[in-house]
Structure formats: C-alpha cells, structure tokens
Amino acid sequence: MDVNLRLAIVDTLTRAGVLPRFDVDAFNETPEGALKDGESPDDRDFRYRQEVVDALLAIPISQDQLAATEELTWSDSSDLTMFAIYAQNDGGGDEFDIRSFDGIAETLPNLRKLVVDYFTKASDLSPLTGLTKLHELHIRGGFPVADIGPLARIPSLRVLSLDSQNVNDLRPLAATRIEELTIRNNGLDRDKADDLAPLADMPALRALSYTPRCSYPERTVTPDNARLLDRLRARGVTVTA
C-alpha cells in the first residue's frame, strides 16, 4: 500500500483518538530519533525524516480498528503528522502525495467517506470500486484524475467533489446514483470548455456546484452549459454556478 495512504490512516485514527498521539520530542531522545552525525536540530527540521515515517507506520493498528474506520482524510488537517516527519516543509514538494489507492478496500472495508485534499497524484480510481459502502468522495488538487469510469461501479456513492482534476468525459456519471456533485476548475486544457451535457442523465442528482476552468474566458459558463444548468434547475436540482 502507498506509504502516504498508510500515513493517512495513522493520522486519521490519531485525530479520532483511536491511536495515541505520536510524541516526536520523545522520539528524538531515542537512538532511532537521534541527530545524525554532524547534524544540528535545525538541519533535522529541514529534511524528510524517514525514521519518523518508520516509527509512525510501526504503531500497531488492529483489524477491528481498521474495520471501524468510516472516514479517511489526508489534507492540511493532517499537519501534525506531516510536521513530525518534515518540520520545515514549505509545501512545494510532493513528499506527502498519495500515488495509489491500491489496497484501500481490503484495509478499510467499511469506509464511507474519503477526502484527499491537494496531497494526491493518484490517477487510477479503480481500487475504490472495492469500497462497497463508500458514500462520499472528495478529491482536490494536482489534476491527476482523468478517467472517472470506475465511479460508475460504486453504487453506494452519493456525494462527489472533483476539484482541479483533468476529467474531460463526464458520461460515466450518468450511470451513478450521485445526489450531490461538485465540479470545480476541471481540466488541464484551459482553453477548452467543460461538456456538462451528461449531467442531464443523472437520475438522482439534486445539488450541483459548478465552477468553470480557470482560463476559459473569464471563467464563463458556455451557452450550452447555461441551458443545461437551467434544465437542471427546472427539474428541481439546486444549482450553484
């Protein structure tokens, strides 16, 4: 399993009070956490500390604790874990990016909500299809996701937020029972407009929040999309655009 996905699990369970908070100051007094030869405390703060990662991932987690986990978040709210690993990280690197969701369904079989906010390079959503209870999915930042076809194979999904991804084909959403949908700043081709037409075929949709791509002329909604949004409103869908 992806290292940062594993760290997200540790962080989530720690913030929930399931696991004890990792005491980095106490760890620094152990042989494993001691300064390296010729290293100052400031030097240590300015590097990614693999020894802290190893210590965090060595914290015992029972199968019962994993099975009881219904929400997983990896975002700025995970700063205590990230700070312990890389105290002076300026946020410009990709050290904490999740690159794969492989193994998530086997590890967290009862997961209902997944939030990955900015720290992601995972482009393949197919591992999420094993999350048979997944109700809510939020992915923001990095533009890694182009294919949302796997989402059509998650019948439990009701809330979806795609923010700053690279999805050009929204047709798979027509096969879902999604009720609340957010599409914001989607697509790397900034001069190309989104095609929202497939949203008309989403039978359960009742709320849509939409923001056009950054550089598409002044973030304007195209005439075709404006007409589509009007049809959704007429159907009773709450539209924010």
Side-chain angles (χ1 to χ4, degrees), residues 1-16 18-19 22 47-59 61 65-87 89-151 153-154 156-157 159-167 172 182-188:
M1 179 183 282
D2 181 273
V3 168
N4 289 318
L5 186 53
R6 294 174 64 195
L7 287 172
I9 294 172
V10 173
D11 179 80
T12 295
L13 294 180
T14 300
R15 285 186 288 108
V18 176
L19 298 179
F22 182 78
R47 66 173 172 85
Y48 179 91
R49 299 186 64 189
Q50 184 62 48
E51 67 273 21
V52 174
V53 174
D54 294 341
L56 286 165
L57 296 182
I59 296 173
I61 305 176
Q65 289 170 331
L66 293 172
T69 301
E70 296 187 350
E71 296 188 11
L72 181 67
T73 297
W74 191 234
S75 69
D76 288 341
S77 66
S78 310
D79 58 346
L80 289 178
T81 296
M82 295 178 185
F83 182 82
I85 297 169
Y86 198 163
N89 179 28
D90 62 5
D94 60 0
E95 296 87 354
F96 296 111
D97 287 351
I98 292 174
R99 290 169 170 77
S100 171
F101 291 118
D102 287 349
I104 191 171
E106 295 80 5
T107 305
L108 302 173
N110 295 310
L111 195 67
R112 290 179 52 82
K113 180 178 180 180
L114 174 60
V115 179
V116 182
D117 202 350
Y118 287 116
F119 298 102
T120 177
K121 280 189 170 62
S123 60
D124 182 10
L125 300 182
S126 59
L128 304 185
T129 61
L131 293 170
T132 60
K133 298 181 181 180
L134 188 65
H135 182 271
E136 196 168 337
L137 174 62
H138 302 261
I139 300 178
R140 179 165 71 159
F143 298 94
V145 176
D147 178 15
I148 57 172
L151 300 184
R153 305 198 301 275
I154 309 177
S156 58
L157 192 62
V159 180
L160 173 64
S161 177
L162 297 171
D163 188 334
S164 302
Q165 300 307 301
N166 193 29
V167 180
T182 298
I183 298 175
R184 181 178 294 117
N185 191 28
N186 174 64
L188 284 172

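Rounded to the nearest 0.5 angstrom, Thr12 OG1 and Leu7 CG are separated by 10.5 Å. For the atom pair CG (Asp117) and OG1 (Thr73), the distance works out to 9.0 Å, reported to the nearest 0.5 Å. Once rounded to the nearest 0.5 Å, the distance linking CZ of Arg49 with OH of Tyr86 reads 12.5 Å. Here OG1 of Thr69 is found 4.5 Å from CG of Leu13. Values are rounded to the nearest 0.5 Å. With values rounded to the nearest 0.5 angstrom, Ile139 atom CD1 is found 5.0 Å from Phe101 atom CZ. One finds the CD1 atom of Ile98 at 11.5 Å from the NZ atom of Lys121 (value rounded to the nearest 0.5 Å).
Between Phe119 and Phe96, the two ring planes are perpendicular [angle over 60°; tilted spans 30° to 60°].
For the residue pair Ser126/Asp124, the side-chain donor-acceptor check at 3.5 Å is satisfied. Donor-acceptor pairing under 3.5 Å is recorded for the side chains of Ser77 and Ser75.
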Show the atom names and distances, to 0.1 Å, of all donor-acceptor pairs under 3.5 Å that link a side chain in residues 102-110 to residues at least two apart or in another chain.
unit_1: Asp102; atom_1: OD2; unit_2: Ser100; atom_2: OG; d: 3.3
unit_1: Thr107; atom_1: OG1; unit_2: Gly103; atom_2: O; d: 2.8
unit_1: Asn110; atom_1: OD1; unit_2: Lys133; atom_2: NZ; d: 2.7
unit_1: Asn110; atom_1: ND2; unit_2: Ala67; atom_2: O; d: 2.7

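In this structure, the side chain of Asn166 does not engage the main chain of Phe143 through any donor-acceptor pair within 3.5 Å. Under a 3.5 Å cut-off, the side chain of Gln165 and the backbone N or O of Gly141 do form a donor-acceptor pair. Panel note: side chain Ser156, backbone Leu134; a donor-acceptor pair is recorded below 3.5 Å.
Arg99 has no carboxylate O lying under 4.0 Å from a charged side-chain N of Asp2, or vice versa, which leaves the two without a salt bridge.
The closest side-chain heavy-atom distance from Ile154 to Leu131 is not below 4.5 Å. In this structure the side chain of Thr120 never reaches within 4.5 angstrom of the side chain of Trp74, judged on heavy atoms. Using a 4.5 Å heavy-atom cutoff, the side chains of Asp11 and Arg15 are in contact. With contacts defined as side-chain heavy-atom distances shorter than 4.5 Å, the pair Leu125/Asp147 does not qualify. Residues Phe22 and Thr14 fail the side-chain proximity criterion, which asks for heavy atoms closer than 4.5 Å. Looking at heavy atoms from C-beta onward, Leu157 lies in side-chain contact with Leu137 at the 4.5 angstrom threshold. Residues Ile85 and Leu56 meet the side-chain proximity criterion, which asks for heavy atoms closer than 4.5 Å.
The stretch residues 72-83 participates, sequence neighbours left out, in no salt bridge (charged side-chain N to carboxylate O under 4.0 Å, His left out) pair at all.
Scanning all heavy atoms of the two residues, the minimum distance from Gln65 to Leu19 falls at OE1-CD2, 4.2 Å.
The environment of CZ in Phe83 is sparse: at most 12 heavy-atom neighbours from other residues, nucleotides or ligands sit within 6.0 Å.
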